[in-house]
Amino acid sequence: MKSLGRNLAPNFYLRNTVTVAKALLGKCLHLRHSDTSLLAEIVETEAYCENDPASHTYRGPTPRNQMMYEEGGLCYVYFTYGSHFCMNVVTGKKGKGEAVLLRALAPLEGWEVFRKNRPGVPDSSLLNGPGKLTQALGIFREHNGWRFDRPDFQLLDLGRDYSSRQIGSSPRIGITKAKTRPWRFFIKGSPWLSRKS
DNA sequence: ACATCGATCTACT
DNA sequence: GTAGATCGATGTA
């Protein structure tokens, strides 16, 4: 099976979480669903750190958040609001409970699967929210703990680079604590964001 | 055992 | 812009 680009190196994930949240912009999530390739570019992320009142790890380890304490480079999936899954990239060395939430992706390949998984929505809304993108990609609880290093589940560098001027930041969305920390990052002007800016 | 509330989404006004 | 859905994880007792 031919690779589309280079997989992110294991130490990509071991830097501080805010750095990784920015570095993930422009990287591509590649899933293989039987015969179909699903490919999408990360355009919006949020960092969740230790000692961060908005993070699931703020009060220490629990059954839900244990994946956040694993070595960086694996996937943390959780269920919320009785309906939605959210997908994170775990960061830092084992024992550090931090991760990056994927908030929006730009579709590149697999449009038919995305449309089938999210019937009736316009193409512009297929992947533009943390619960929407997991629905379109078919991410469920079973993906919790998967490493992004398998042929059917990868994070790739396809050379889509952005300068720091092209990256915007803002407070994180939908949280009730630590509302002022500017730990949401996005590609300025992308039509695929969950919000205009 | 129970009460609270959430890293959201959709539909409706 | 706002309301309601929906249910599992968590904290408290």
Side-chain angles (χ1 to χ4, degrees), chain A residues 13 16-25 27 29 40 42-70 72 74-92 96-107 113-146 148 155 167-187 190-197:
Chain A
Y13 306 99
N16 87 64
T17 300
V18 168
T19 300
V20 177
K22 286 187 274 196
L24 279 170
L25 298 174
K27 302 301 187 290
L29 182 61
I42 298 170
V43 298
E44 181 179 334
T45 61
E46 283 176 358
Y48 287 87
C49 301
E50 290 189 328
N51 304 313
D52 169 6
S55 173
H56 289 168
T57 53
Y58 185 56
R59 295 166 198 270
T62 66
R64 176 176 66 167
N65 68 23
Q66 60 170 314
M67 288 306 168
M68 290 181 70
Y69 291 94
E70 290 298 319
L74 57 76
C75 181
Y76 167 49
V77 178
Y78 67 90
F79 182 67
T80 193
Y81 286 104
S83 328
H84 309 289
F85 293 99
C86 294
M87 180 182 194
N88 296 253
V89 178
V90 173
T91 57
K96 194 159 177 88
E98 306 198 343
V100 174
L101 173 69
L102 301 185
R103 282 201 57 91
L105 310 174
V113 173
F114 301 152
R115 290 174 185 135
K116 174 167 156 284
N117 289 345
R118 287 183 46 71
V121 311
D123 284 354
S124 59
S125 302
L126 289 173
L127 304 175
N128 69 336
K132 300 178 189 180
L133 68 89
T134 53
Q135 186 186 13
L137 293 164
I139 297 291
F140 305 101
R141 234 188 290 277
E142 67 192 89
H143 295 92
N144 190 40
W146 284 27
F148 292 103
L155 279 169
I167 296 177
S169 68
S170 79
R172 293 169 292 179
I173 293 173
I175 56 173
T176 57
K177 297 164 229 158
K179 279 184 164 169
T180 61
R181 298 190 192 190
W183 286 351
R184 170 176 173 254
F185 303 99
F186 55 90
I187 295 170
S190 168
W192 306 104
L193 302 178
S194 69
R195 308 254 169 133
K196 302 239 182 233
S197 69

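Here is how names work: the chains are called A, B, and so on, in the same order as the sequence lines, proteins then strands, and each is numbered from 1.
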Between [X] and [Y], is there a donor-acceptor pair closer than 3.5 Å when you use the side chain of the first and the backbone of the second?
| X | Y | result |
| --- | --- | --- |
| A/Gln135 | A/Asn117 | yes |
| A/Thr57 | A/Ser55 | no |
| A/Glu50 | A/Gly97 | yes |

Specify the closest pair of heavy atoms between [X] and [Y], including all atoms of both residues, with the distance to one decimal.
| X | Y | answer |
| --- | --- | --- |
| A/Ser124 | A/Trp192 | CA-CZ3, 3.8 Å |
| A/Ala47 | A/Thr17 | CB-CG2, 3.9 Å |
| A/Lys177 | A/Pro53 | CD-O, 3.5 Å |
| A/Thr80 | A/Cys86 | CG2-SG, 4.2 Å |

[X] [atom1] to [N] [atom2]: how many Å, rounded?
| X | N | atom1 | atom2 | result |
| --- | --- | --- | --- | --- |
| A/Asn144 | B/dA7 | CG | P | 16 Å |
| A/Asn65 | C/dA9 | CG | C1' | 10 Å |
| A/Leu126 | B/dC9 | CG | P | 13 Å |
| A/Tyr58 | B/dA7 | OH | P | 14 Å |
| A/Ile173 | B/dT8 | CD1 | P | 8 Å |
| A/Asn117 | B/dC9 | CG | P | 15 Å |
| A/Tyr48 | B/dG6 | OH | P | 12 Å |
| A/Tyr78 | C/dA9 | OH | C1' | 12 Å |

A/Ser55 vs B/dA7: side-chain N/O to OP1/OP2 distance below 4.0 Å: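 No, outside the criterion.
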
Phosphate-side-chain proximity, A/Arg64 and C/dT10, N/O vs OP1/OP2 below 4.0 Å: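 A/Arg64 to C/dT10 OP1/OP2: side-chain N or O found under 4.0 Å.
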
Is there a side-chain contact between [X] and [Y], using heavy atoms and a 4.5 Å cut-off?
| X | Y | answer |
| --- | --- | --- |
| A/Ile173 | A/Glu44 | yes |
| A/Leu29 | A/Leu137 | yes |
| A/Asn65 | A/Tyr78 | no |
| A/Asn144 | A/Tyr76 | yes |

Which atoms of nucleotides 2-8 of chain C (N or O only) lie under 3.5 Å from a protein N or O atom, and what are those distances?
{"residue": "C/dT6", "atom": "O2", "partner": "A/Tyr81", "partner atom": "O", "Å": "2.5"}

Sugar-phosphate, base or nothing in reach of A/Met87, heavy atoms under 4.0 Å: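 The answer is nothing, as A/Met87 stays clear of every strand by at least 4.0 Å.
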
Sugar-phosphate only, base, or nothing, as touched by A/Leu101 at under 4.0 Å among non-hydrogen atoms: base

Side-chain donor/acceptor of A/His56 to base of C/dA9, under 3.5 Å: no

Strand DNA chain C as a dot-bracket string - pairs counted if Watson-Crick or G-U with both distances under 3.5 Å, | where the partner lies in another strand: |||||.||||||.

Produce the list of close N/O pairs, under 3.5 Å, pairing protein atoms with atoms of nucleotides 10-13 of chain B; give distances to one decimal.
{"residue": "B/dT10", "atom": "OP1", "partner": "A/Arg118", "partner atom": "NH1", "Å": "3.0"}
{"residue": "B/dT10", "atom": "OP1", "partner": "A/Arg118", "partner atom": "NH2", "Å": "3.2"}

NZ or CZ of A/Arg195 within 45° of A/Phe186 ring axis and under 6.0 Å: no

